[in-house]
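Given the structure is predicted, the values throughout are model-derived calculations rather than measurements.
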Amino acid sequence: MTLTTPSGKPRIRSLGVDLPGRPGPYNAITDVPGVSVGYTTLVSGDAVRTGVTAILPRPHETVAHPCAAGWYSLNGNGEMTGTTWLTETGALSLPVLITNTHAVGPCHRGVIDWVAENKPDGAHEWLLPVIAETWDGYLNDINAPTVQPEHAKAAIEAAASGPIEEGSVGGGTGMNCYSFKGGSGTASRMVEYGSNEYAVGAFVQANFGARRELTVAGVPVGAELADDNPLQDWSVAQAGAGSVIVVLATDAPLLPGQCTALARRVPLGLARTGTSGSHFSGDIFLAFSTANEGALTSGFRHEPGEFENLRFMPWGQLDPFYEAVVQAVEEAVLNALSANETMIGREGHRSPNLPRERLVELLRR
């Protein structure tokens with residue numbers, strides 16, 4: 001299990017923090033076979049602190065093969081496109097992108113352009129990509145047309161399996177979490193089921209929470225770390241404002257409704273880190289299963305009278321998977337906080353990093 005990111009940033013377990021559950025080899029969403037993650041990170045001048053994250057449910061060559069999927073919103077002050085069609089069909093068949101609030105349009109166009117160039121047969125159909133967002137306007141000039149379709153395409157092309165970078169990368173570049181520098185984080189858990197073993201992976205774009213709420217491994221540390229909080233004095237933002245997007249992946253065979261059930265457990269993992277779910281935070285979650293490849297294809301590809309088959313877990317056996325979701329989401333948020341340094345952005349706004357040594361001392365007490 002990796003204790004640092006590929007560039008050497010410290011993950012939460014490198015601080016000696018003990019968390020429940022058994023992670024996969026990478027402790028990342030990429031422990032689910034076939035899942036990959038790519039970034040476009042945009043940092044320049046004083047006011048560009050943003051980017052794009054791409055999550056591919058399947059490898060590039062088979063990304064159009066549908067996955068069973070579901071979604072859930074704890075608080076709707078945010079955006080995740082494509083969800084009405086996902087609700088209708090229970091199927092996800094395109095790269096999932098996460099970016100800043102005002103870059104949803106360019107990323108939507110970028111997915112369509114990528115499909116048209118790389119999967120032209122798929123471009124003959126309608127395309128309803130899933131693009132999600134959180135707000136990075138404290139550090140980034142969010143109204144500038146910085147993110148363009150080519151940045152979305154580059155993130156898709158860059159998607160790779162294995163260990164992935166965390167912190168201020170991709171769509172998480174300009175984000176804050178519990179008034180510390182936040183952004184991209186990931187974790188996983190392994191679940192045994194009879195003679196089989198499945199991975200449950202979580203990826204978060206963490207941009208939520210008030211400092212006073214922060215809890216690490218069950219210890220409320222936010223009040224002890226209340227100093228050095230520039231966001232608190234910024235009149236535009238309310239404590240806890242922002243948003244959080246969570247993407248869950250598993251190779252366990254699930255029905256679309258069971259994927260939705262996994263997504264509904266995400267808030268329990270977030271709550272372990274302290275949040276009570278601010279009205280000003282868009283908290284939206286997606287879950288998909290890579291099992292049953294070849295099913296859930298568009299109906300017009302079948303002859304009349306044909307049937308499809310889905311193999312799925314019994315509903316009564318899902319509790320270990322719910323537990324894995326809660327544990328992985330908690331750790332993914334803490335990794336996003338740990339793998340970060342202080343960032344200064346537009347108009348000199350500063351987002352301090354989580355003081356890791358002070359945190360260790362608090363936990364030791």
Side-chain angles (χ1 to χ4, degrees), residues 1-31 37 53 162-170 172-173 175-190 199-225 228 242 244-248 266-275 323-343 351-365:
M1 182 179 60
T2 53
L3 296 179
T4 61
T5 73
S7 69
K9 299 174 188 175
R11 308 182 82 194
I12 194 66
R13 285 177 185 258
S14 72
L15 307 183
V17 176
D18 187 26
L19 295 166
R22 181 167 60 92
Y26 308 124
N27 197 9
I29 194 171
T30 47
D31 283 316
V37 177
T53 299
I164 57 177
E165 202 52 60
E166 293 168 282
S168 295
V169 290
T173 299
M175 305 302 170
N176 307 284
C177 186
Y178 292 109
S179 297
F180 289 118
K181 188 67 194 70
S184 304
T186 190
S188 70
R189 291 296 184 269
M190 304 304 296
V200 176
F203 184 96
V204 305
Q205 185 162 294
N207 190 52
F208 70 100
R211 178 73 64 85
R212 67 180 182 275
E213 297 176 317
L214 177 60
T215 301
V216 177
V219 180
V221 297
E224 297 284 346
L225 299 174
D228 192 15
V244 56
I245 299 298
V246 181
V247 177
L248 301 173
V266 168
L268 302 175
L270 297 177
R272 287 191 178 189
T273 69
T275 183
E323 183 179 31
V325 167
V326 174
Q327 293 172 351
V329 168
E330 177 190 18
E331 185 164 358
V333 172
L334 297 178
N335 281 335
L337 284 165
S338 181
N340 250 312
E341 300 301 334
T342 297
M343 179 178 284
S351 180
N353 68 295
L354 177 73
R356 293 181 287 265
E357 292 182 4
R358 286 178 62 191
L359 174 63
V360 170
E361 284 301 313
L362 286 172
L363 296 178
R364 282 176 180 165
R365 274 190 230 165

To the nearest 0.5 Å, how far apart are [atom1] in [X] and [atom2] in [Y]?
X	Y	atom1	atom2	value
Ser184	Asn207	OG	CG	10.5 Å
Asn335	Leu19	CG	CG	8.5 Å
Glu330	Thr215	CD	OG1	9.0 Å
Leu359	Arg364	CG	CZ	10.5 Å
Thr275	Glu213	OG1	CD	5.0 Å
Tyr26	Thr2	OH	OG1	9.5 Å

For [Y], does its backbone N or O pair with a side-chain atom of [X] as donor and acceptor, under 3.5 Å?
X	Y	answer
Asn340	Asn353	no
Arg356	Ser338	yes
Arg358	Glu224	yes
Thr5	Glu166	no
Arg11	Gly185	no

Candidate pair Leu225 and Leu362, rule side chain to side chain contact (heavy atoms under 4.5 Å, CB included), full reasoning
CA-CA 9 Å; Leu225 299 174; Leu362 286 172; 3.7 Å; yes
Inset, instruction - May I have the step-by-step check of side chain to side chain contact (heavy atoms under 4.5 Å, CB included) for Ile164 and Val169, ending in yes or no? - result: CA-CA 10 Å; Ile164 57 177; Val169 290; over 6 Å; no
So, are Glu331 and Arg189 salt-bridged, with charged N and O less than 4.0 Å apart?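 Yes, this pair counts.
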Point to revise | Donor-acceptor side-chain pairing of Ser7 and Glu165 below 3.5 angstrom | key: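 There is such a pair (donor and acceptor under 3.5 Å, judged by atom type) between the side chains of Ser7 and Glu165.
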message: Evaluate Arg272 against Gln327 for side chain to side chain contact (heavy atoms under 4.5 Å, CB included), listing each step before the verdict.
response: CA-CA 9 Å; Arg272 287 191 178 189; Gln327 293 172 351; 4.1 Å; yes
**Request:** With side chain to side chain contact (heavy atoms under 4.5 Å, CB included) as the test, would you mind laying out the steps for Ser351 and Phe180 before giving the verdict?
**Result:** CA-CA 6 Å; Ser351 180; Phe180 289 118; 5.7 Å; no
Checking side-chain contact (heavy atoms from CB on, under 4.5 Å) against Ile12, which of Leu337, Leu334, Val333 comes through?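 Running side-chain contact (heavy atoms from CB on, under 4.5 Å) over Leu337, Leu334, Val333 with Ile12 returns exactly one hit, Leu334.
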